[in-house]
Amino acid sequence: MARIIATLMFIIGFAFAGMLPASAQDLGLRLPGAEALQGRNATGGAQTLEDILARQRAAGAPTTARDDAMGNAEALVGPLETRGGASDSEIWSMLRHGTADTIVSTRQARDAILVQDSGMEWLKFRAGPLREYGGYLLLGTLGLLALFYLIRGRVRIEGGRSGVRILRFGAIERFGHWLTAGSFILLALTGLITLFGRVAIIPWFGHEFFSPLAIGSKWIHNNVAWPFMLGLVLIFVMWVLHNIPSRHDLVWLLKGGGLFTKGTHPPAKKFNAGQKIVFWAVIILGASVSASGLSLIFPFEIPMFAKTFGFINELGLPGFFGLDALPETLTPHAEMQLSSIWHAAIGFLMMAVILGHIYIGTIGMEGAFDAMESGDVDLQWAREHHNLWVEELEAEGRKGAAATPAE
Ligand code: HEM
């Protein structure tokens with residue numbers, strides 16, 4: 001019974017409310033006592049309708065109530081700041097600009113940041129230019145490689161295969177290479193799925209398909225990062241001495257490595273200048289992508305950008321390019337957002353370099369893949385692409401010694 005009466009009262013109240021205007025001001029009515037109700041006392045010191053209207057007219061509004069409530073009116077009266085009395089919007093504004101005196105029950109300073117609006121910038125950049133230009137970079141690289149293949153064709157062993165094999169990479173070198181290569185390929189694919197899934201997979205295959213794929217990709221990405229880093233260390237230790245720049249590299253570069261003209265074979269030791277570029281790109285970009293990746297795997301534990309920006313500012317680089325100094329104070333959240341963007345951008349750059357590398361190691365050059373497959377290469381191939389290395393082996397009496405690891 002009580003329920004029926006309550007329901008009837010609710011319906012009647014609702015009908016009356018529907019008949020009444022939303023507020024007296026809407027109709028320009030002056031109800032008895034309306035003046036008093038519009039006063040600041042009626043709002044408990046919060047902003048009034050007059051304040052809001054004054055702000056919309058850009059006419060300014062009294063700040064006394066806000067001053068009383070917040071005590072820092074100075075920070076809030078700039079042209080872009082809210083001009084109303086003490087209000088929710090001001091509280092949100094103070095939270096947003098980090099000026100609110102927030103008390104949290106954890107020991108982490110980051111938890112006191114309740115609003116961090118550069119998150120929107122991060123989201124927009126990640127969903128916009130990062131995907132767009134990253135995608136263009138990869139597609140552009142594939143396009144250029146296809147064009148190069150159409151124009152130049154496969155780089156052949158011009159003197160023909162000799163039938164004599166020499167050992168180029170021992171088992172440990174090939175293990176280091178394939179550990180790095182295999183894990184990088186997995187990281188690249190799962191990274192691309194994570195970044196492009198929402199726009200490239202969900203519209204075609206739906207959420208049910210993407211959900212396990214995204215969870216699996218994240219798992220693979222987080223765990224395969226470790227063998228990748230191990231591989232990086234291995235190839236660095238094994239090959240760094242062979243990749244120190246030398247005077248032959250300049251000649252090699254000036255002649256385009258002989259890649260663009262048939263019959264040209266600039267001198268090279270174990271690694272030519274092109275390979276040295278690949279090596280250092282893999283090491284430097286790989287170290288950078290690993291560092292930013294670690295800071296993502298261990299959130300808030302490895303902030304790097306504020307310090308790096310401080311170092312760059314000290315070098316005077318922004319000033320040199322006529323730019324403002326980089327921010328040296330960053331919220332923990334901004335550090336994470338920068339890590340995420342940097343990680344993806346460096347990842348894209350590395351993928352582009354590696355696409356070129358995979359091309360030349362497979363269809364682009366006859367006889368190259370053998371070096372990383374069985375470990376030995378045809379002597380004529382080695383003479384054409386690494387003549388100084390062959391001379392070194394000959395001087396050591398190791399020519400044709402396929403069973404002896406070549407250094
Ligand atoms: C299917 C993928 C790949 C293939 C077929 C491949 C093939 C090769 C071959 C044949 C060589 C030896 C070249 C020579 O004898 O002079 C080589 C070297 C090398 N690879 Fe790979 N590779 C692949 C992926 C990768 C990846 C993903 C990385 C690193 C992230 C990488 C890093 C290197 C480095 C640093 C070298 C030594 C420098 C150079 O030769 O450019 N490779 N690779």
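Ligands are counted one by one from 1 in listed order, and the atoms in each one are counted from 1 as well.
By the criterion of a heavy-atom distance under 4.0 Å, the side chain of Trp178, and not its backbone, is placed next to ligand 1. Using a 4.0 Å cut-off between heavy atoms, Thr362 contacts ligand 1 through its side chain alone, with no backbone atom that close. Looking at Lys276 against ligand 1, nothing comes within 4.0 Å, counting heavy atoms.
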Carefully, step by step, assess Trp239 and Phe169 under the rule ring-ring contact (aromatic ring centres under 6.0 Å, His included). CA-CA 11 Å; Trp239 293 338; Phe169 295 113; 5.4 Å; yes
If you apply the rule side-chain contact (heavy atoms from CB on, under 4.5 Å), what do you find for Leu259 with Ile360, and how did you get there? CA-CA 10 Å; Leu259 290 175; Ile360 205 75; 4.1 Å; yes
Is there a side-chain contact (heavy atoms from CB on, under 4.5 Å) between Met238 and Ile172? Walk through the geometry before answering. CA-CA 9 Å; Met238 290 185 303; Ile172 183 80; 4.2 Å; yes
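Evaluated by nearest non-hydrogen atom to atom 5 (C) of ligand 1, the leading choice among Trp381, Phe369, Phe271 is Phe369.
Residue Ala371 has at least one heavy-atom neighbour below 4.0 Å for each of these atoms of ligand 1: 15 (O). Short contacts between ligand 1 and Ala368, defined as distances under 4.0 Å to a heavy atom of the residue, involve ligand atoms 10 (C).
If you take CG on Leu179 and OG on Ser183, they are separated by 5.0 Å, rounding to the nearest 0.5 Å.
Residues meeting the ring-ring contact (aromatic ring centres under 6.0 Å, His included) test with His385, sequence neighbours left out: His265, Trp381. For Phe209, the ring-ring contact (aromatic ring centres under 6.0 Å, His included) criterion is met by Phe205, not counting sequence neighbours.
If you check which protein heavy atom lies closest to atom 37 (C) of ligand 1, you get Trp239 CZ3, 3.5 Å. Protein heavy atom nearest atom 12 (C) of ligand 1, with residue, atom name and distance: Phe169 CE1, 3.6 Å. Atom 14 (C) of ligand 1 has as its closest protein heavy atom Gln275 NE2, 3.2 Å.
In terms of polar-atom proximity, defined here as any N/O pair under 3.5 Å, Arg168 does make such a contact with ligand 1.
For residues 234-251, every residue pair satisfying the salt bridge (charged side-chain N to carboxylate O under 4.0 Å, His left out) rule, not counting sequence neighbours, is listed here: Asp249-Lys276.
Taking the six-membered ring for Trp and thresholds of 30 and 60 degrees, Tyr149 and Tyr359 have ring planes more than 60 degrees apart, a perpendicular arrangement.
With ring centers used as reference points, Phe300 lies under 6.0 Å from His333. In this structure, Phe148 has its ring center closer than 6.0 angstrom to the ring center of Phe260.
Look at Glu391 and Lys270 and you find no salt bridge, because none of the NZ, NE, NH1 or NH2 atoms lies under 4.0 Å from a carboxylate O.
Around atom 21 (Fe) of ligand 1, the protein atoms of type N, O or S found under 2.8 Å away are His177 NE2, His357 NE2, listed by chain and number.
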